[in-house]
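The structure appears right after this line, and notes come after that.
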Amino acid sequence: MKKEPEFNNNRICEKRILAIKDTMEILSGKWKFHILGTLMLGDKLRFMDLVREVDGIGSKMLSKELQDMEMNHLIIRTVLNTKPVTVEYQITEHGKTLSSVIDEIAKWGIDYRAKFHKKTEQID
C-alpha cells in the first residue's frame with residue numbers, strides 16, 4: 001500500500017495552497033502587474049495616461065482590468081467633476097502591499113534578461 005506524503009495532508013499546506021490560488025486568480029492576466037507597477041510609480045493617473053504608459057494594452061482591456069482590480073480593492077477609481085468627465089486611478093493601501101512582490105518580479109526579470117536575452121537596460 002502506497003503511503004501519501006505528509007505535506008499533502010497538512011492543514012497549513014492546504015491553507016497556503018488556497019491562498020496562492022486566490023492570489024493567482026486576483027492577479028492573473030497579462031496586464032495587472034504592469035498596471036499596478038505603473039500606478040505605484042505614478043500615484044494618480046488618468047485613464048488615457050494608463051493607455052499610454054501600459055504599452056500594447058487596448059482601452060477595452062484596460063477598462064476590464066481596472067474594473068477587476070477595483071473590485072478586488074487594489075485600486076481606487078475617482079470620477080472628477082469636469083467636462084468632459086475625467087477619471088483618475090490610484091493604488092489603495094491594500095494594493096500597496098504588493099509593492100515588494102512587484103519589486104521582486106522586476107528584479108527577477110532584469111536578471112533573467114541579463115542572463116538569457118543579453119538585453120540589459122540601465123534602470124536608475
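Residue Phe47 is tested with Leu50, Val51, Leu45 for a side chain to side chain contact (heavy atoms under 4.5 Å, CB included); the sole match is Val51.
The hydrophobic cluster containing Met71 does not contain Ile91, counting ILVMFWY residues as joined when their side-chain heavy atoms lie under 4.5 angstrom apart, directly or transitively. Val79 and Ile75 fall within a single hydrophobic cluster, where Ile, Leu, Val, Met, Phe, Trp and Tyr side chains are chained together by heavy-atom contacts under 4.5 Å. In this structure, Trp31 is a member of the same hydrophobic cluster as Met48, with clusters built from ILVMFWY side-chain heavy atoms closer than 4.5 Å. No chain of hydrophobic side-chain contacts below 4.5 Å, direct or via other Ile, Leu, Val, Met, Phe, Trp or Tyr residues, connects Ile105 to Met24.
Put simply, CG on Leu18 and NZ on Lys21 are 7.0 Å apart, with the number rounded to the nearest 0.5 Å. Put simply, CD1 on Ile35 and NZ on Lys32 are 7.5 Å apart, with the number rounded to the nearest 0.5 Å. With rounding to the nearest 0.5 Å, the separation of NE2 in His34 from CG in Leu39 is 10.0 Å. Between the CG atom in Leu62 and the CE atom in Met69 there is a gap of 7.5 Å [rounded to 0.5 Å]. Distance check: Ser63 OG to Arg77 CZ gives 8.0 Å after rounding to the nearest 0.5 Å.
Residues Leu74 and Ile26 have side chains in contact (heavy-atom distance under 4.5 Å, counting atoms from C-beta outward). Using a 4.5 Å cut-off on side-chain heavy atoms (C-beta onward), Arg16 and Ile20 make contact. For the pair Leu36 and Leu27, the minimum side-chain heavy-atom distance is below 4.5 Å. Residues Thr86 and Arg46 meet the side-chain proximity criterion, which asks for heavy atoms closer than 4.5 Å. Using a 4.5 Å cut-off on side-chain heavy atoms (C-beta onward), Ile102 and Phe33 make contact. Between Met40 and Leu98, the closest side-chain pair of non-hydrogen atoms falls below 4.5 Å.
With sequence neighbours excluded, no residue forms a salt bridge (charged side-chain N to carboxylate O under 4.0 Å, His left out) with Lys30. With sequence neighbours excluded, the residues satisfying salt bridge (charged side-chain N to carboxylate O under 4.0 Å, His left out) with Asp49 are Arg52.
Counting heavy atoms of neighbouring residues, nucleotides and ligands inside a 6.0 Å radius, atom CD of Glu53 does not exceed 12 of them.
Relative ring orientation between Tyr112 and Trp108 is described as parallel, the plane-to-plane angle staying below 30° on a 0-90° scale split at 30° and 60°.
A salt bridge links Lys64 with Asp68: at least one charged nitrogen is closer than 4.0 Å to a carboxylate oxygen.
Here the shortest heavy-atom pairing between His94 and Asn72 reads CD2-O, 4.3 Å.
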